[in-house]
Protein chains: 2
Amino acid sequence: MFELVFKALGEPTRLKIIKLLAHRELCVCDLEEILQMSQPRISQHLKVLKHAGLVNDWKEGQRTICSLNQISLNNTINEFLQYIAKPIESIAEMAEEVARIPAVTGETCLKRSCKETI
Amino acid sequence: MFELVFKALGEPTRLKIIKLLAHRELCVCDLEEILQMSQPRISQHLKVLKHAGLVNDWKEGQRTICSLNQISLNNTINEFLQYIAKPIESIAEMAEEVARIPAVTGETCLKRSCKETI
DNA sequence: TAGACACATAATAAAATACTTATATAATTA
DNA sequence: TAATTATATAAGTATTTTATTATGTGTCTA
């Protein structure tokens, strides 16, 4: 989930689209003209942004108008900061990794040298 | 700059490393053991994280201890939110794009149809 | 209703990333 | 001082992303 969003934000064209949509709603055709990029290129980047929940769009006649989902962007970032801050023991998906965290930093290396538990 | 950081965060292994280092300082060898991944793999991901300014490291004997640069992470995220919020006209790198923003959404399409300025 | 238009998607080519295996280096220990 | 250890880096391969070209679909307009 964070991965999808960060991956979407980690690309220069998509960052520009985000910034443009933060300024104002635009149709695909506007973005094409503003960024001087091919229509499929814009279309595909928008798809990635929509998948990440960062951009909303709707039809108006034959045009597709796009807008930035500010709320989703803010929420995701807040949730990420909370994720980083909360105790690692509370993250179910990391249970296996947590079980392998050594008691002290570097203990793993010592163990290997001794070939036994400290 | 945002691109580097988001690209660094947009990968599952690196996200796990970030979360582990948020919990505690760890040496490369610890990460290798905790994540059950090869040493070069860990090393290369750490390089990306260091380049993005998200991880600090120092030598202690033959070990390399890594820590999360919380401040840098928080700063980058705050700066990103400010970047999104501030007027697009104030962003020098986007001057060319800004000059091409149409007066109203969808105007670009109309222009094309008419083959002349509105 | 036949174009023209805005957009999406498929297919493909090119480029960037990620992972593995192999090797190098510096610190540590026997 | 010769192994061993922790880590980095290089080289090669596999995988994923990105961009282009080509084509399809629904909407509007002449």
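- Here the nucleotide nearest the side chain of A:Arg63, chosen from D:dA19, D:dT9, C:dA6, is C:dA6.
- Listed candidates were C:dT20, D:dT7, D:dT18. Nearest to the side chain of A:Glu11 is D:dT18.
- The only member of A:Thr76, A:Asn74, A:Asn56 that meets side-chain hydrogen bond (donor to acceptor under 3.5 Å, both in side chains) when paired with A:Asn69 is A:Asn56.
- The side chain of A:Thr64 places no N or O atom within less than 4.0 Å of a non-bridging phosphate oxygen (OP1 or OP2) of C:dA6.
- Put simply, A:His45 has no side-chain N or O that comes within less than 4.0 Å of OP1 or OP2 on D:dT17.
- With rounding to whole Å, A:His51 atom NE2 is found 15 Å from D:dT17 atom C1'.
- Counting to the nearest Å, the C1' atom of C:dT20 and the CD atom of B:Glu32 are 14 Å from each other.
- At a cut-off of 3.5 Å, with distance as the only test, no side-chain donor of A:Thr64 or A:Asp57 sits close to an acceptor on the other residue.
- Rounded to whole Å, atom C1' of D:dT17 lies 14 Å from atom CG of A:Leu4.
- The base of D:dA6 does not come close enough to the side chain of B:Gln39 for any donor and acceptor atom to sit less than 3.5 Å apart.
- Close to C:dA10, at under 4.0 Å from its OP1 or OP2, lies no side-chain N or O of A:Lys47.
- Here D:dA6 presents its P atom at 16 Å from CG of B:Leu46, a figure rounded to the nearest Å.
- For the pair A:Glu107 CD and D:dA6 C1', the interatomic distance rounds to 16 Å; values are reported in whole Å.
- Looking at B:Gln36, its side chain does come within 3.5 Å of a backbone N or O of B:Glu33 through a donor-acceptor pair.
- Listed nucleotides D:dT27, D:dT21, D:dA6 differ in distance to B:Gln62; the shortest reach to its side chain belongs to D:dA6.
- One N or O donor and one acceptor, one from the side chain of B:Gln44 and one from the base of C:dT20, sit under 3.5 Å apart.
- When distances are taken from the side chain of A:Arg41 to each of D:dA6, C:dA8, D:dA19, the shortest belongs to D:dA19.
- The separation between A:Asp57 atom CG and D:dG26 atom C1' is 15 Å, rounded to whole Å.
- Taking atom CH2 of A:Trp58 as the reference point, atom P of C:dA8 lies 13 Å away to the nearest angstrom.
- Between A:Arg14 and D:dT18, a side-chain N or O to OP1/OP2 separation shorter than 4.0 Å is present.
- Each of A:Lys7 and A:Ser38 lies near DNA chain D, and the nucleotide nearest A:Lys7 is the one positioned closer to the 5' end.
- Cation-pi contact between A:Lys7 and B:Phe6: absent, since separation from the ring centre below 6.0 Å together with deviation from the ring axis within 45° is not met.
- Contact detail for B:Leu4 and B:His51: the closest heavy-atom pair is CD1-O, 4.0 Å.
- The interatomic distance linking B:Met37 (CE) with C:dT17 (P) rounds to 19 Å, in whole Å.
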